[in-house]
2 protein chains.
Amino acid sequence: MARTSLKMLADHLHLSQGTVSRALNGYTDISAATRLRVRDAARDMGYAPNPTARRLATGIAEAVAYVMPQRGDSMSESFVTPLLQGLGEALAGRGWDLLIVQAATVPEEVAALRRLTATRQIGGVVLSRPRKSDARIDFLRGAGFPFVVHGRSEGCAAYAWYDVDSRAAFAEAVGRLAALGHRRIGFVGAPLHFTFAQDRRDGYRAALAAHGLDADPGLEAVAALDDTAGEAAAAALLSRDPAPTALLCATDPQALGALAAIRARGMVPGRDVSVIGYDGLSIGRHANPPLSTMAQPQADSGRRLGEMLLALVDGGAPTDYQELHRAEFLRRDTDGPAPESGPPNNHREKNR
Amino acid sequence: MARTSLKMLADHLHLSQGTVSRALNGYTDISAATRLRVRDAARDMGYAPNPTARRLATGIAEAVAYVMPQRGDSMSESFVTPLLQGLGEALAGRGWDLLIVQAATVPEEVAALRRLTATRQIGGVVLSRPRKSDARIDFLRGAGFPFVVHGRSEGCAAYAWYDVDSRAAFAEAVGRLAALGHRRIGFVGAPLHFTFAQDRRDGYRAALAAHGLDADPGLEAVAALDDTAGEAAAAALLSRDPAPTALLCATDPQALGALAAIRARGMVPGRDVSVIGYDGLSIGRHANPPLSTMAQPQADSGRRLGEMLLALVDGGAPTDYQELHRAEFLRRDTDGPAPESGPPNNHREKNR
DNA sequence: CTGAAAGCGCTTACAG
DNA sequence: CTGAAAGCGCTTACAG
């Protein structure tokens, strides 16, 4: 029942372990005949090298780490599960394993990466949700370690990344709202240490200018990524006078919160105030009313990230693996024409 | 810059590697003085043993694997991210690593586990969503390998598990609906190869009997776990005559689908037809109207699963680690009193 | 109480 | 083309 080792295989073949090892690893100085003989026997005996021994001998780990986003709102982390599934599939295609790095702070994440890379436990890293200035990326670059980023940060020209053009997405969203007659478009943004937050705000601002709408700083908010934060931020924006007739939100959970804020004022999302989110979460279909959103591409980002990382491990140039994908507008029911004379923003006063 | 090895540390201390190793590993036959000296030096030089070498020498891996649920609806897998976070935290407390097993079929999962355990890449396994008869569990039990199950299966008396009593939860839900005057309560169940599906249906049926309600097989459906399947199943149940005045769903995504089915018939969930889901997903707050549900305990199941597994690895008896938690009713807006004379189930006819 | 040695299961220069 | 040997970085009986 014992797992067949190299020694067992070699003994059975009356060859030395070294020869068998080389035959299996495709060394060209082995005669074609014995190579075949060895491979057949290996298959028959169900031999597979022990990864731990191999790792110790070669210093190369057939495993990569994925750095989990830090604990936050579970809704805004719903991209993780499908990403892990895709990543796992891509790695499984080559027999590589997938490790999870889970820490509460960036310095702890860096420490974990330092340990894993220094001891050669992993051969590559996938990172999500980079900061504009990201200590994890700095570390990996400094160590010359293969990694690919799900998103971008400052200095992304130098490394491999997979991102969705959320700047363009937010510009498109503004354009759509402008075409619907909206002139005062509010923006619920995300904390600006996230690169994507900066991108989305930039897209919003640029499109405002392009459409000749004035950029009222009072129409911009920054909130955490979740629904509760989105609701509070949206409520604040809606209480301004004149109020925005439309709200763009950096995430779908924020947008769901915004819908709640609108309903709380006795108004109807999509009629009195339009809302467009970003993510394309399927749960948006069940919102009240169903949420219009800029949807990230269906394409399997996890699988693609895995493929890119394996290519880097094989010696590919990081700059050859930089992919910018497009988000697509997913029209549901929260984007409507601007109300004739702005939204009825006298709700609070009326109820006094 | 090279990582300090055992050899470097031993040379620096003018001791043999063996002595240093034993001092660090708490062997009692080392003098207290040198033990202290060694530990101080190890700290100062930032020594940490190479896990790969240690693993090869001891045959013990300081890592565990989590078997991902198979690719399905992302909404119904939203428990995975928080679970991984909690699990990762529990393991990090002891410096253990977390591996992901991702496969498309159960046999592939078993093959992956066989490989990981045979090569001593892992020291334990966490499993989610067991089948009633589960080949992965059979394999792990046969191998005598430490594992803990998130849920239960047949034969769960013999192994460690963490579960929520969904049988009791569904019984309670039926009781609440019965108290609201509902006599015809429909049930959208999950595929019965999942243990939890059986439990939930059993709880439903038992409570029906306990409350003197008749168990009409025509009021029971089986559907996939997601919203689309839930919507179709609910639509079918609602078209029966007489129709149910309330619907119990095995998952929150199914329940969201049920709300859609009710609205599609021009009826109002919670008024014309009541709905109670199960999961307690936060997204239910944004449903139309907000979804009443049996919420799994807030308690951090991932962390607890990790703690239990570590206890098993330390030699704990599996039967000492079996925890049944309670779900709590989360009242939102979809459970209401039964309509006077049943729901207006003439929608289709009227529209002809 | 400490050291020397063997071993975990591989890979890979180095000879021949 | 193949074998013998050293080495990856640890741990752990076994002596003394």
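Numbers restart at 1 for each chain; the letters A, B, ... are given by sequence-line order, proteins then strands. Bear in mind the structure is a predicted one, so any value in this text is a computation, not a measurement.
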Length of the line joining B:Leu13:CG and C:dT2:C1', which is rounded to integer Å: 13 Å
Can A:Arg141 and A:Asp138 be counted as an ion pair, charged N to O under 4.0 angstrom? no
Pairwise side-chain contact, A:Leu98 with B:Gln102, heavy-atom cut-off 4.5 Å (strictly under): no
For A:Gln17, does its backbone N or O pair with a side-chain atom of A:Ser21 as donor and acceptor, under 3.5 Å? no
Expressed as a whole number of angstroms, how long is the span from B:Leu6:CG to D:dT12:P? 12 Å
Which pair of non-hydrogen atoms, one from B:Tyr162 and one from B:Ser301, has the smallest distance, and what is that distance? CE2-CB, 3.4 Å
Just wondering, do A:Asp163 and A:Phe196 contact through their side chains at under 4.5 Å, heavy atoms? no
Does any non-hydrogen side-chain atom of B:Pro130 lie less than 4.5 Å from one of B:Ile137? yes
DNA chain C in dot-bracket form (Watson-Crick or G-U pairs under 3.5 Å, [ ] crossing, | inter-strand) is |||.||||||||.|||
Using a heavy-atom cut-off of 4.0 Å across all strands, would you classify B:Ser21 as base, sugar-phosphate, or nothing? base
Taking 4.0 Å as the cut-off, does a side-chain nitrogen or oxygen of A:Ser5 come that near to OP1 or OP2 on C:dG9? no
Rounded distance in Å - CG (A:Leu9) to P (C:dC10): 9 Å
Determine whether A:Asn25 and A:Arg54 make a side-chain contact, defined as any pair of heavy atoms from C-beta on separated by less than 4.5 Å. yes
For DNA chain D, the residues among residues 37-61 of chain A that have a non-hydrogen atom under 4.0 Å from it: A:Leu56, A:Ala57
Flag the pair A:Thr52 / B:Thr119 as yes when at least one side-chain heavy-atom distance between them is below 4.5 Å, and no otherwise. no
In whole Å, I'd like the distance from the CG atom of A:Asp11 to the P atom of D:dA4. 12 Å
Just wondering, do B:Ser128 and B:Leu83 contact through their side chains at under 4.5 Å, heavy atoms? yes
Nearest-Å distance, CZ (A:Arg3) to C1' (C:dC10)? 12 Å
Most 5' of A:Leu15 and B:Asn25 on DNA chain D, judged by nearest nucleotide: A:Leu15
Can you check whether B:Ser16 has a side-chain N or O nearer than 4.0 Å to OP1 or OP2 of C:dG3? yes
Salt-bridge criterion met for B:Asp11 and B:Lys7 (N-O under 4.0 Å): yes
Is any side-chain heavy atom of A:His12 closer than 4.5 Å to one of A:Tyr47? no
Rounding to an integer number of Å, can you tell me how far B:Gln17 CD sits from C:dA6 C1'? 13 Å
Report all interatomic pairs (protein N or O, nucleotide N or O of nucleotides 13-16 of chain D) with separations under 3.5 Å.
from: D:dA13; atom 1: N6; to: B:Arg22; atom 2: NH1; distance (Å): 2.8

Rounded to whole Å, CG of A:Leu36 lies from P of D:dC1 at a distance of 14 Å
Centroid-to-centroid, B:Phe147 to B:Phe145, below 6.0 Å? no
Between C1' on D:dT2 and CZ on A:Arg35, what's the gap in Å once rounded to a whole number? 14 Å
